[in-house]
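Heavy-atom basis, side chains included; hydrogens, waters and symmetry copies ignored. Numbering of ligands and ligand atoms starts at 1, following listing order.
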Amino acid sequence: MSGLRPVVLSGPSGAGKSTLMKRLMEDHQGVFGFSVSHTTRNPRPGEEDGKDYHFTTREAIEEGISKGEFIENAEFSGNMYGTSKAAVEDVLAKNLICILDVDIQGVKRIKETDLNPIYISIQPPSMEILEKRLRDRQTETEESLQKRLEAARIDMELSKEPGVFDIVIVNDDLDKAYEQLKDILNETELHVKDKQ
Ligand SMILES: Nc1nc2c(ncn2[C@@H]2O[C@H](COP(=O)(O)OP(=O)(O)O)[C@@H](O)[C@H]2O)c(=O)[nH]1
Ligand SMILES: Nc1ncnc2c1ncn2[C@@H]1O[C@H](COP(=O)(O)OP(=O)(O)O)[C@@H](O)[C@H]1O
């Protein structure tokens, strides 16, 4: 089977994953495709159903899971998130490099599959800066912000464990983080050769 090796972007909410990913996709049109996850959280202003997420119900995701339609799923900040097999297959069918944006639980679940992606963690320079970015983004209630900061503390610890990520990028200066992201993708053999 020939194919393109997927890219997993993970890291705390507010670390800058979406910002970096959108820039990468805009600068390299026709190269990357986003794995559109399912979620039970409400859409934010500007988010499109089917593009940013499949916004749906817990029942619908649970039904999909019971039918074996999901690669992985996780609870995050009081909502359910999951990657369907179709989300990844749709991208691979177009011969694009599949980018998955998943939390640390998703990373661990994907490691149990044969997806064989490159694992990249995007980290904030500090908890203080992360909190400021999340507040300035103005997408969260105080409750969901606190849950995200709690999850971020766990994520920042786990991402230091050796072997979890291929690379950890600290997103302090956005341009520098973007260059690092491009460098690692250039250095990595994303085009999987035909197996004999
Ligand atoms: N395990 C898993 N995590 C996901 C999935 N989709 C998104 N996430 C993660 O869920 C967390 C919250 O995402 P979101 O509500 O969009 O907030 P944001 O990351 O702050 O923009 C982030 O850590 C995402 O990486 C998924 O399909 N599976
Ligand atoms: N290097 C950076 N410096 C300052 N602000 C940033 C930087 N990277 C991202 N941001 C801002 O921080 C907020 C969180 O970024 P976002 O991409 O939404 O994170 P994530 O997708 O990881 O939750 C956004 O408002 C974004 O514009």
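The shortest N/O to N/O separation between Y81 and ligand 1 falls below 3.5 Å. Polar contact check, E140 against ligand 1: no nitrogen or oxygen pair lies under 3.5 Å apart. Between S18 and ligand 1, not a single N/O pair is under 3.5 Å apart. Note: an N/O pair closer than 3.5 Å links D103 and ligand 1 by distance alone.
Here D136 has no heavy atoms under 4.0 Å from ligand 2, in either its backbone or its side chain. Heavy atoms of P12 found under 4.0 angstrom from ligand 2 belong exclusively to the backbone.
When each atom of ligand 1 is checked for a heavy atom of D101 under 4.0 Å away, the hits are 4 (C), 5 (C), 6 (N), 7 (C), 8 (N), 24 (C), 25 (O). Those atoms of ligand 1 that come under 4.0 Å of a heavy atom in R41, given as number and element, are 14 (P), 15 (O), 16 (O). Close approach of ligand 1 to R137 (heavy-atom distance below 4.0 Å) involves ligand atoms 18 (P), 20 (O), 21 (O). Residue A74 approaches ligand 1 through these ligand atoms, each under 4.0 Å from one of its heavy atoms: 1 (N). Remark: ligand 2 atoms within the under-4.0 Å shell around heavy atoms of S13 are 23 (O).
Residue M156 is not grouped with residue I169 when hydrophobic side chains (ILVMFWY) are merged at heavy-atom distances under 4.5 angstrom, including chains of intermediate members.
The shell of residues lying under 4.0 angstrom from ligand 2, judged by heavy atoms, excludes L20.
Residues Y178 and N171 have side chains that never bring a donor and an acceptor to within less than 3.5 angstrom of each other. At a cut-off of 3.5 Å, with distance as the only test, no side-chain donor of R41 or T39 sits close to an acceptor on the other residue.
Scanning the protein for heavy atoms near atom 20 (O) of ligand 1, the closest one is S13 OG, 2.5 Å. If you check which protein heavy atom lies closest to atom 19 (O) of ligand 2, you get G16 N, 3.0 Å.
For the pair K51 and F34, the cation does not sit on the ring face, since its NZ or CZ is not both under 6.0 Å from the ring centre and inside 45° of the axis.
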